[in-house]
Amino acid sequence: MRIATYNINGINGRLDTLLAWLADTQPDIVCLQELKAPQAKFPERQLKEAGYASVWHGQSRWNGVAILSRDSEPVLTRRGLPRDSHPSQSRYIEAALNGLLVGCLYAPNGNPAPGPKWDYKLRWLKQFTAHAKQLLALDVPVILAGDYNIIPAERDVYNPDRWRNDALFLPEVRKAYASLLKQGWCDAIATIHPDKPVYTFWDYLRQAWERNAGLRLDHLLLSPGLAARLKDAGVNRVMRGRPKASDHAPAWIALDIK
DNA sequence: ATGTCGACGTGCCGTCGA
């Protein structure tokens, strides 16, 4: 079984790109972020014709998350985090499918720091971490995939000093990520690629893609039972090089599950 | 500070968030 996460940065503006990627790679489960589409403008029909059933949490202009499934209908278990301080921001959706519980997240960017957006990011990560702990306590296979807007470590950024004071890399968010892993989650990409940098994002600015000035922001965290079934992981870098690409590339894992 | 995207409504450019 293959599971991917992709910050699409506008699902309607990039629908052809998304459909071509789905046809090429045929993931079983897909988590999408930054739909930038209101609930009613999600392309449910086109995805269905491509073989994918969807649940989604839309929002006009910003944010928005979705879970797609190739072989089954996802059963929605949650939209939004418990005790969400900004419930109008669509940043979390969760569904049961194929015997898994899948959480798809789009964490706040948090810039500029300090400021209200930074405060919101820390609050959101705290709520997310509390929810993650509850999911682990269920003792079922869980995957938490999405755009965490966190650079976990120095090796996950082309030039750490350039990002030292950025909300993606400040010590508080790295600590939040470390505390998540400490609960028992497995960072799939870091586990399969412990040494080399594996970027998932290249800024549109300053020719970041051409310089390979990348960041690792998109993560797939596995509960312990699933981690034991992790076979492979990677990033579809080619997607970032295409015309009109999202600034993120899809990240994927392969699990030894039928 | 830089300067590039997509989406939307203040509509076919200006503004916002990233």
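Remember, it's a predicted structure, so these values are computed and weren't measured experimentally. Here is the naming used below: chain letters follow the sequence lines, and residue numbers restart at 1 for every chain.
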- N149(A) vs K244(A), nearer the 5' end of DNA chain B by closest nucleotide: K244(A)

- Note on the structure: Walking DNA chain B from its 5' end, the first of G13(A) and D147(A) to be reached, judged by nearest nucleotide, is G13(A)

- Task: For dG6(B) versus dA1(B), give the span between their P atoms, rounded off to a whole number of Å.
- Result: 25 Å

- Rounded interatomic separation in angstrom, taking CG from N9(A) and C1' from dC8(B): 15 Å

- Query: Going by the angle between their ring planes, with limits at 30° and 60°, are F128(A) and W124(A) parallel, tilted or perpendicular?
  - Reply: parallel

- Message: What's R91(A) touching, base or sugar-phosphate or nothing? Going by heavy atoms closer than 4.0 Å.
- Response: sugar-phosphate

- Task: Describe the nucleic acid contact of R206(A) in one word from base, sugar-phosphate, nothing, applying a heavy-atom distance below 4.0 Å.
- Result: base

- K41(A) side chain: which of dC8(B), dG17(B), dT4(B) is closest? dC8(B)

- Can you measure from CG (L180(A)) to NZ (K133(A)) and round to the nearest 0.5 angstrom? 11.5 Å

- If we ignore angles and hydrogens, is there a donor and acceptor under 3.5 Å between the side chains of N111(A) and W118(A)? no

- Task: Would you mind classifying the nucleic acid contact of Y106(A) as base, sugar-phosphate or nothing, using non-hydrogen atoms under 4.0 angstrom?
- Result: sugar-phosphate

- Taken to the nearest whole Å, OH/Y204(A) to C1'/dA18(B) is 10 Å

- Item | Nearest-Å distance for atom pair CG/P, residues D247(A) and dA7(B) | 12 Å

- Query: What distance separates W252(A) CH2 from I29(A) CD1, expressed to the nearest 0.5 Å?
  - Reply: 15.0 Å

- Query: When you look at N9(A) and S246(A), which way does the side-chain hydrogen bond (donor to acceptor under 3.5 Å, both in side chains) test go after all the steps?
  - Reply: CA-CA 6 Å; N9(A) 190 16; S246(A) 167; 4.9 Å; no

- Task: Using whole Å, report how far CG of N7(A) lies from P of dG6(B).
- Result: 13 Å

- Give P108(A) one of three labels, base, sugar-phosphate or nothing, depending on what nucleic acid heavy atoms sit under 4.0 Å from its own. nothing

- Task: Would you tell me if any nitrogen or oxygen in the side chain of R61(A) comes within less than 4.0 Å of OP1 or OP2 on dC16(B)?
- Result: no

- Item | Residue K36(A), side-chain heavy atoms: nucleotide from dG6(B), dT2(B), dC8(B) that is nearest | dG6(B)

- Query: NA contact type, S246(A), heavy-atom cut-off 4.0 Å: base, sugar-phosphate, or nothing?
  - Reply: nothing

- Message: Rounded to whole Å, how long is the line connecting atom CD of E210(A) with atom C1' of dT4(B)?
- Response: 12 Å

- Item | Separation of dT4(B) P from E34(A) CD (nearest whole Å) | 19 Å

- Task: Kindly confirm or rule out a cation-pi arrangement of R216(A) over F201(A), judged by NZ or CZ under 6.0 Å from the six-membered ring centre and within 45° of its axis?
- Result: no

- Query: Taking atom C1' in both dC12(B) and dA7(B), what distance in whole Å separates the two?
  - Reply: 14 Å

- d(NE2, H248(A); P, dC5(B)) in whole Å: 14 Å

- Considering only the P atoms, how many Å lie between dG3(B) and dT10(B), rounded to the nearest integer? 30 Å

- Message: What is the separation between atom CD1 on I8(A) and atom C1' on dA7(B), rounded to the nearest whole Å?
- Response: 15 Å

